Amino acid sequence: MGDGDKELRVVDGGQYLGEISALCFLHVPSHFSSLPYLLAGSGSQIILFDVNLGRQIKSFCVFEGVRVHGIASMLMNCKDNALSQSVTFKVVISGERRVKLYSLHLQLGSKSLDKSDVSIDLTFIQLLPRFTHWVLDFCFLKDGLSSSEEGCHYLAVGCNDNSVHIWDVLTPQLIFEVICPERCLLYSMKFWGHDFRALLIASGTIFNEIVVWKLVRQHRTQPPTNAGQDLVVMSLSEANCPLDCFYYKVEIISKLAGHQGSIFCLSWSSDGSKLVSVSDDRSARIWITTAEMNMTDDLTKLHGHYLAGPGLFGHGARIWDCYISDSFIVTAGEDCSCRVWGLDGKELRVIKEHIGRGIWRCIYDPDTSLLVTAGFDSAIKVHCLHSSLSAFSGEFIKEVKERKEEVFRLCIPNSSGHSVLMDSKSEYVRCLKFARKNMIYVATNHGYVYHANLSESGSVHWTELIKITEEIPVICMDLLSQNLSEPSFKVEDWIAVGDGRGTMKVIKVIFSDGTPQVAVRISWSAEKERQLLGVYWCKSIGCGFIFTSNPRGFVRLWRLSDSLSHDVVKSFDACLVAEFISPFGARIMCLDASFEEEVLVCGDLRGNLVLFPLSKRILLDSSILFIEKTPSTYFKGAHGISTVCSISLVRLTTGLVEVCSTGGDGCICYLEYNRDQPTVEFVGMRHIKELSLVQSVSAHYSLDDSENISYAVGFSSTDFLIWNLLSETKVLQAKCGGWRRPHSYYLGQTPEICSGFAYVKDEIIYVHRYWVPDGENKIFLRNLHLQFHGREIHSLCFIPEDVQCATPKISWVATGCEDGTVRLTRYNHGTSNWAMSNLLGEHVGGSAVRSLCFVSNLHSAEAKVVEGTNGTGGTINSLGNCEIPCLLISVGAKRVLTSWLLRKRQKIEGDTSVDGLVNEYGSHKSSPIDMPSVSFKWLSSDMPVKSVRTKKKAQNSGNLPRPSDEVSSSDSVSASMEMELMQHGDSHDNDWRYLAVTAFLVNVANSRFTVCFVVVACSDATLMLRALVLPYRYWFDVASLAPLSSPVLALQHAVAPLCQLYQGKMVTKNIYIIISGSTDGSIAFWDVTKSIEAFMQRVSSLHMKNSIDFQKRPRTGRGSQGGRWWKSVDAALNAKEKPTESMALKDNIVSSDKAVVDELPEAMVLKGENKSSEHIEITSSKSGESFEDSCERLFEIKPLHILRSIHQSGVNCLHLCCQNLGNSMAYNIVSGGDDQALSYLQFVVDPSSSRSKLGHIGKEGDTISKLGSPEHTIQYDSNQSYSIKFLYQNKAIAAHSSAVKGVWTDGIWIFSTGLDQRVRCWNIQEHGNLAEHCHFITSVPEPEALDVTACGGNCYQVVVAGRGMQMIEFSLNDCTAP
């Protein structure tokens, strides 16, 4: 099996994507960058960032398997001029008990003006001897005697045994070490001072107190006093050193008590007069000394004590890090929040932009007012604290070029201009719309429509556009701005207003010399009095048509006059073209239309989406007077019972439209509308936890997937927010009092650079405008590093290249996390970096994802006649021209099972409107979803519910029924398939969880559906065979695999093609075998072939229609609906239809009265060397147990064969691959367990040539192996026509030094990983012996999953995940090559 002339070696260990554990600023000269560089520690690597450009420069691996815990830097003395093209830093990096020193050299390129052209070189200097305890803090020190030009030659290192070690970094050698008399373990330590005369140490002990102590030196000629008590330690260096003349002893200054938990972090103020501590008790405390100090003072005279200052309470969980400046304090905690406090204890600001386990590190630069936070989610967020905060705190901050904010207070012309009580005659604002960043349209209750022009100086110029007679209040208003395609690039605004009497007024505003003028005026009666509630423009059909709505769910389409092209001020009429009637009877709140796809989508007050046909004939044929339209389809409860706030349409392909809706449930929903069906299908949802109401979404596309950015606009309580969905950062936040007040917003091409928001309070319009002036540095909220899962990853899988439609240098990996999220992450091989991470979805209630599998191979359920077969068999490919669905299956806690369907997106450049204009996707009406080369759509979610039994009878009606609040239209059943639906659940509501999953696709030739069979393992030691019928998304329970004595942790399946001679012809059929690994160390085999064949035969008789869809929305997020419908096949059959011979209700299902158990020899299990086991041949069996007409009792399949003691403890992972041996197919199984062992076995599935008699069980015979080795065969009684023969079975004892968590094999190589952070590569040699070839130390702490893909050219990509993720590349080289 192995190849002696080839070897596998590690090519590259890619960048680690996981938690950020250390931060440090590098203050480079200004000609390098106007802002400091940032060093971040992530895993075993450090990453250098250019904060000014917002990009990563380079990453370096500094440890092997050890996380970076701390970073400190010092600028080396530069003798060159200030404009030198190079600069060098001395960098100290610590991890666990190790400390390394490096030299970081930065060199500007030949183009001095190009600050991005910087070459980086990290040179190793020294590794300090391994410390006996973990390193908590370190700092550079001067001896206090030498001149300052000589620099800091000493390094102080503090360990968690409350000791301090002083090293000379030039020699290098240990000068001395000292241990505090308070000898106890520490969680934190912090130094203050730059030389030995002014060195303070604060230690956070395990006794919830802080010990502040210092070093006191004594001259060598003076004998030490109380040496035993004060722990006077003599210099250990005998060299001629200034410090060699002194003794050093410890003097405790203060013991600070007040915390109720462990002290996790300490921080000194710049002058050492204040100390901040954060603790496990969720509080931060300030300690203030009574003495005045300076860094150059001799602290031998310091005897002042530290007094307790104010306590800081506000965090909801443990606090991990803190920083104190001269005027405010920053804390970061496990609740994923970073809080800024005043020295008086008042909370000034809360920043909450991270997810997961929390924020590990926060760092602040007082020179530039930059605050950087980083945590478990791999994100590094850069914030610029506003100047207002600095002014409030009194701290001087160097000016930073950041976004400017303007706040205008506008009063309408007839207003008093004061916030006074209003009466019935007061005029106030009813509606307002942002047209551009300096233009706002305002409508009032007195019927006025104004235009406001905001100048740069802050003044406003008002223009009255129209006035409705008799002071009728304006109820609704909408704005349509069009950029004309003429060379003049003029802009025209169309404004539509509706008043309380149901009268519509439309005006066209043009600008002559910057002054707005009304060019066209149209007026007509659209509704009865008090019945006109909404007016809507639709950009895709232009300004020639407008929609109105009333409270009863009616939408009317009006055609405006054909004379609109003439800019004349006269009144025109509008004619009613069509009336669209919603079956829900709820008020329509928003709508959008597609001219090319001829569809109108409306969202109502109760969260429903209604789709109407909108033919081009209605829009283009002016002779049509009036048509009443009913819905072509609808989707009930897309946003639960919350209001639909916005709808946007994007044409994907001809006949396929993506619908994006936002709502008051804080969710963004994605649906696909098929015009040919017509059907609407739910494909995805994103819950924006930062927003309680999502008002709209803006998308900005580019040719590079990494630059596709989407923004969610909405409200969080009383604040208005603009949220960057890609970087997960807050763009704008303004307090406004909530969404019920009249408001409007403006987004520029890049909202971080230009955006605005206006709202009304009393009689005043408050306008907030943000922008970055041209030519200035663009500093705004940034995410320097890719945001990833915020918790541990339990499972992952590669998306195969043959389904990616991506370039060969890109790989996609799907990951499932403890927080219930599933992500799709892209890896670029050229840069060895992770480039993008998209959130696919979230499990119900955030339940943890335990296992993932990708399904793409389609198998046939029918026997095929094979002509000219070579006997090798294989997957049946003659399945017609049907498109093979590719599914991603995830399972986890609360028995949640979710499936996603791979879709190959096709992005259309534009959509032509009636007016001939092109709607570009860069506009704010475009779809917010990113368009990578690989994307999935949500298919179905499944979980148990409480025991409920529901019976529904079908109704056959030619018209679309009016949906009720109790029964969703998606649950309607056609008359052609009368069925009784049984909804089963767990009456005891046990908290069981799914632990493993495997799945495969089965189809019948020329069939209209495909079935995905899913086998799930539950924590109650049960296995279930489930079936998902596509495209109808039915879930069926097919069979139950007999409960084992222990829960199953890993699952695999084998689909073995079996060639047999039948009536003179070779016939091929598939055998479906499930392999499971349990916590007792056993591996079991199950034959589910008969169950699958019976199910495929019976489900073919069901008369399904595309309109049947029992779960259309994932049960995730606020306002969610849905549930799981469990069905048995018999319940779905027509009760009046009698079974026939071809579809009997009682079919024989695979089962055995007694499972065959094979005990491995004890010597083989315990002995350390690998030995070949005996070859065992077993055959499948079946019993006469029948499929009964009951949906409450599932068929039970007992294991076909059980291999005991494969591992001494749990089987954590399994992997199976198929290998062609020439005349047969061999299946290789590799497993890893808690016993640190790796097990390998190989079997084949062959037709049985003879039948053994009853009682012949266990008889052995000698045959000759196909590979030339002696073979021992054990046969078992069977009625089946095939046998399973085990060829090799070997074991590598102590393959890892800890539990094995992930394995993979292709029959030649085996890759494994364990909790020892090693990725090991094994070669499968002759007779199945395993030989370790090489290993790699990964940066991923606590690995839990592994997957491998063969890239071609003898290369392998290995991805490892646990507390983060890393890609490793292996290459197969020819050793005999010169």
Side-chain angles (χ1 to χ4, degrees), residues 1-2 7-8 10 65 996 1048-1052 1075-1084 1158 1160-1173 1203-1217 1219 1226-1243 1286-1338 1340 1342-1348 1356 1358-1362 1368 1370:
M1 294 182 187
E7 67 174 1
L8 199 65
V10 179
V1048 171
L1049 297 178
L1051 284 172
Q1052 288 287 298
I1075 302 103
S1076 63
S1078 304
T1079 57
D1080 60 357
S1082 65
I1083 295 179
D1158 180 30
L1160 294 181
E1162 183 178 357
M1164 181 180 175
V1165 176
L1166 299 179
K1167 198 170 181 179
E1169 37 180 58
N1170 299 328
K1171 292 185 177 180
S1172 265
S1173 65
L1203 297 176
R1204 301 287 188 188
S1205 302
I1206 294 294
H1207 292 274
Q1208 296 180 5
S1209 55
V1211 181
N1212 292 328
C1213 46
L1214 279 174
H1215 190 262
L1216 179 142
C1217 74
Q1219 192 175 17
Y1227 296 89
N1228 303 278
I1229 301 178
V1230 61
S1231 62
D1234 281 334
D1235 59 353
Q1236 307 174 11
L1238 205 62
S1239 176
Y1240 168 78
L1241 58 92
Q1242 186 184 73
F1243 69 90
F1286 288 90
L1287 302 180
Y1288 300 109
Q1289 184 172 332
N1290 284 282
K1291 190 174 184 179
I1293 307 298
H1296 287 262
S1297 60
S1298 188
V1300 181
K1301 304 296 286 187
V1303 292
W1304 184 91
T1305 183
D1306 62 353
I1308 301 175
W1309 301 97
I1310 294 176
F1311 294 93
S1312 63
T1313 189
L1315 294 180
D1316 56 357
Q1317 290 188 236
R1318 266 61 176 175
V1319 177
R1320 301 186 185 274
C1321 176
W1322 309 78
N1323 183 233
I1324 304 176
Q1325 300 180 340
E1326 189 177 3
H1327 304 305
N1329 295 322
L1330 304 181
E1332 183 178 357
H1333 200 79
C1334 61
H1335 75 274
F1336 178 82
I1337 302 177
T1338 179
V1340 179
E1342 303 173 13
E1344 291 197 35
L1346 171 143
D1347 197 15
V1348 183
Y1356 293 86
V1358 182
V1359 60
V1360 183
I1368 307 160
F1370 290 80

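This is a predicted model, so every value here is computed, not measured.
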### Query
Can you tell which of Val1340, Thr1313, Val1359, Thr1338 makes a side-chain contact (heavy atoms from CB on, under 4.5 Å) with Leu1346?
Thr1313
#### Entry: Expected output: side-chain Asn1290 to main-chain His1327 donor-acceptor under 3.5 Å
yes
### Message
If we ignore hydrogens and angles and just use 3.5 Å, is the side chain of Gln1052 paired with the main-chain N or O of Leu1216 as donor and acceptor?
### Response
yes
### Message
For a 4.5 angstrom cut-off between non-hydrogen side-chain atoms, does Cys1213 reach Lys1301?
### Response
no
### Task
Report the distance from atom OH of Tyr1240 to atom CG of Asn1329, rounding to the nearest 0.5 Å.
10.0 Å
### Query
If you measure from CG on Leu1238 to NE2 on His1207, what distance do you get to the nearest 0.5 Å?
7.0 Å
### Summary
Between Gln1325 and Ala1331, the two heavy atoms sitting closest are NE2-CB, 3.3 Å
### Task
Looking only at non-hydrogen atoms, find the nearest pair between Gly1232 and Val1303 and report the distance.
N-CG1, 4.1 Å
### Task
State the OG-CG distance between Ser1298 and Asp1234, to the nearest 0.5 angstrom.
8.5 Å
### Query
How about Val1319 and His1335: do any of their side-chain heavy atoms sit closer than 4.5 Å?
no
#### Entry: Shortest non-hydrogen contact between Gly1307 and Cys1217, atoms and distance
N-SG, 3.3 Å
### Task
Apply the test side-chain contact (heavy atoms from CB on, under 4.5 Å) to residues Gln1289 and Ile1206: give CA-CA distance (whole Å), side-chain angles for both, the deciding distance (0.1 Å), then the verdict.
CA-CA 10 Å; Gln1289 184 172 332; Ile1206 294 294; 3.4 Å; yes
### Task
Kindly compute the distance separating CG (Leu1049) from OG (Ser1078), expressed to the nearest 0.5 Å.
7.5 Å
### Query
So Leu1214 and Ile1229, side-chain contact (heavy atoms from CB on, under 4.5 Å) or not? Walk me through it.
CA-CA 7 Å; Leu1214 279 174; Ile1229 301 178; 3.9 Å; yes
### Message
Applying the side chain to side chain donor-acceptor pair (under 3.5 Å) criterion to Gln1219, which one of Asn1228, Asp1306, Thr1305 satisfies it?
### Response
Asn1228
### Query
Closest heavy-atom contact between Val1048 and Ser1076?
CG1-CB, 3.7 Å
### Task
Might you point out which heavy atoms bring Arg1320 and Asp1316 nearest each other, and give the distance in Å?
NH2-OD2, 3.7 Å
### Query
Quick one: are Leu1315 and His1296 in side-chain contact, heavy atoms under 4.5 Å?
no
### Task
Evaluate the side-chain proximity of Phe1370 to Cys1334: yes if any heavy-atom separation is below 4.5 Å, no if none is.
yes
### Query
Short question: side chain of Ser1239, backbone of Ser1231 - any donor-acceptor pair under 3.5 Å?
no
### Task
Go through the steps to decide whether Arg1204 and Asp1080 satisfy the test side-chain contact (heavy atoms from CB on, under 4.5 Å), and finish with yes or no.
CA-CA 8 Å; Arg1204 301 287 188 188; Asp1080 60 357; 3.6 Å; yes
#### Entry: Straight-line distance of Ser1312 OG to Leu1330 CG, nearest 0.5 Å
9.5 Å
### Query
When the ring planes of Phe1311 and Trp1304 are compared, do they come out parallel, tilted or perpendicular, using 30° and 60° as the limits?
tilted
### Task
Would you please test Leu1203 and Phe1286 for side-chain contact (heavy atoms from CB on, under 4.5 Å) and show each step?
CA-CA 11 Å; Leu1203 297 176; Phe1286 288 90; 4.1 Å; yes
### Query
Does the side chain of His1333 pick up a donor-acceptor pair with the side chain of Asn1323 at under 3.5 Å?
no
### Query
Do Val1358 and Phe1336 come close enough that some side-chain heavy atom pair is under 4.5 Å?
no
### Message
Under a 3.5 Å distance rule, please check whether Asp1235 uses its side chain to pair with a backbone N or O of Gln1208 as donor and acceptor.
### Response
yes
